[in-house]
**Q** 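Below you will find the structure I want to go over with you.
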Amino acid sequence: MASFAQVDMDTSISRNYRAVLDRISISARKVGRAPNAVSLIVVTKGQPLDKIQAVIEAGAQLLGENYADEGAEKIQVLAGNRGLEWHMIGHIQSRKARLVCDFFNYVHSLDSLALAEKLDRLAGELRHKLPVLLECNVSGEESKYGFPAGQEESWEVLFGTFSSILHLPNLAVRGLMTMAPYTIDPETARPYFDRLRKLRDVLKGVFPQTDWSELSMGMSADFEVAVEEGATMVRVGEAILGPRPKRGG
Ligand SMILES: *Cc1c(COP(=O)(O)O)cnc(C)c1O
């Protein structure tokens with residue numbers, strides 16, 4: 001039998017999950033978008049399995065992990081749940097590419113041509129097409145991964161690399177991903193989300209054969225602003241599952 005503490009935790013996670021879905025709907029309607037145009041990816045990195053199971057029971061099927069090893073382990077343990085889709089949202093070290101390809105359904109954090117070529121080769125071996133987003137660093141912060149896209153004047157420099165990625169047969173590029181600089185005030189993230197959408201619109205013009213429909217942007221602190229600016233996927237962790245235990249302690 002579940003303990004009272006367990007029941008309490010399950011209830012609060014379910015409540016948080018539905019509250020975030022409601023806030024997504026409200027933000028979407030505010031700007032005339034359909035609420036179902038936005039997918040909620042629940043970010044489970046650093047969270048214990050009982051919390052992840054609780055959010056799955058609450059209805060979550062799209063889950064995000066940052067680290068290949070931690071993710072692959074959880075994916076196997078939770079494989080009894082039907083219909084889950086696992087999204088890799090963190091930087092991928094080259095030697096972890098195989099693990100990512102073997103276990104994850106979607107990659108948000110494609111940030112170099114070398115990684116793209118490696119994932120393409122591995123996906124080819126598995127005979128499947130891997131959906132990916134190109135991670136772009138639109139803030140110019142040096143600590144961030146992603147293709148450098150802080151200056152609109154230099155977007156053109158990226159086109160050659162992007163063209164090479166778009167030609168890889170076993171990757172399916174679906175759009176762009178970004179992380180805004182960390183902030184208390186979500187409004188400060190708005191210009192970065194706006195810039196990512198603009199870059200996407202430019203890429204649509206340059207590479208019209210590619211499906212650029214997805215924009216993965218917005219986290220616990222700023223997902224409502226991201227939805228207002230056109231996010232089709234938001235990645236929310238702590239607002240649903242509570243604070244993460246500190247990594248590496
Ligand atoms: C951790 C993380 C998130 C979720 O952050 P929260 O603040 O817990 O919502 C989203 N995207 C990426 C890339 C992350 O690393």
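When a ligand or atom number is given, it counts from 1 through the structure's own listing order. One is the number of the first residue; the rest follow in order along the sequence. From a predicted model like this one, the values you see are computed outputs, not experimental measurements.
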**Q** Just which atoms of ligand 1 are under 4.0 Å from any heavy atom in Asn66?
**A** 14 (C), 15 (O)
**Q** Can a salt bridge be assigned to the pair Arg33 and Glu229 using a cut-off of 4.0 Å between side-chain N and carboxylate O?
**A** no
**Q** Between the side chains of Asp194 and Arg197, is the shortest nitrogen-to-carboxylate-oxygen separation below 4.0 Å, so that they form an ion pair?
**A** yes
**Q** Between Ile89 and ligand 1, find which residue part has any heavy-atom pair under 4.0 Å and reply side chain, backbone, both or neither.
**A** both
**Q** I want to know if ligand 1 touches Gly237 in the polar sense, i.e. an N/O pair below 3.5 angstrom.
**A** yes
**Q** Any side-chain donor paired with an acceptor under 3.5 Å for Gln53 and Asn81?
**A** yes
**Q** Just to check, does His108 reach to within less than 4.0 Å of ligand 1 when the distance is taken from its heavy atoms?
**A** no
**Q** With hydrophobic residues grouped by side-chain heavy-atom distances under 4.5 Å, do Val138 and Trp155 end up in a single group?
**A** yes
**Q** Do the side-chain N and O atoms of Ser109 and Asp111 include a donor-acceptor pair separated by under 3.5 angstrom?
**A** no
**Q** With heavy-atom distances below 4.0 Å as the criterion, list the atoms of ligand 1 near Arg235.
**A** 4 (C), 9 (O), 10 (C), 11 (N), 12 (C), 13 (C)
**Q** At a 4.0 Å threshold, what atoms of ligand 1 neighbour a non-hydrogen atom of Val236?
**A** 9 (O)
**Q** Are the charged groups of Glu65 and Lys45 less than 4.0 angstrom apart, N to O?
**A** no
**Q** For residues Ser94 and Lys118, is any side-chain donor paired with an opposing acceptor at under 3.5 Å?
**A** yes
**Q** In ligand 1, which numbered atoms sit nearer than 4.0 Å to a non-hydrogen atom of Glu238?
**A** 6 (P), 8 (O), 9 (O)
**Q** To which protein heavy atom is atom 9 (O) of ligand 1 closest, and what is the distance rounded to 0.1 Å?
**A** Ser220 OG, 2.5 Å
**Q** What protein heavy atom sits nearest atom 14 (C) of ligand 1, and how far away is it?
**A** Lys45 NZ, 3.0 Å
**Q** Around atom 10 (C) of ligand 1, find the nearest protein heavy atom and jot down its residue, atom name and distance.
**A** Met219 SD, 3.3 Å
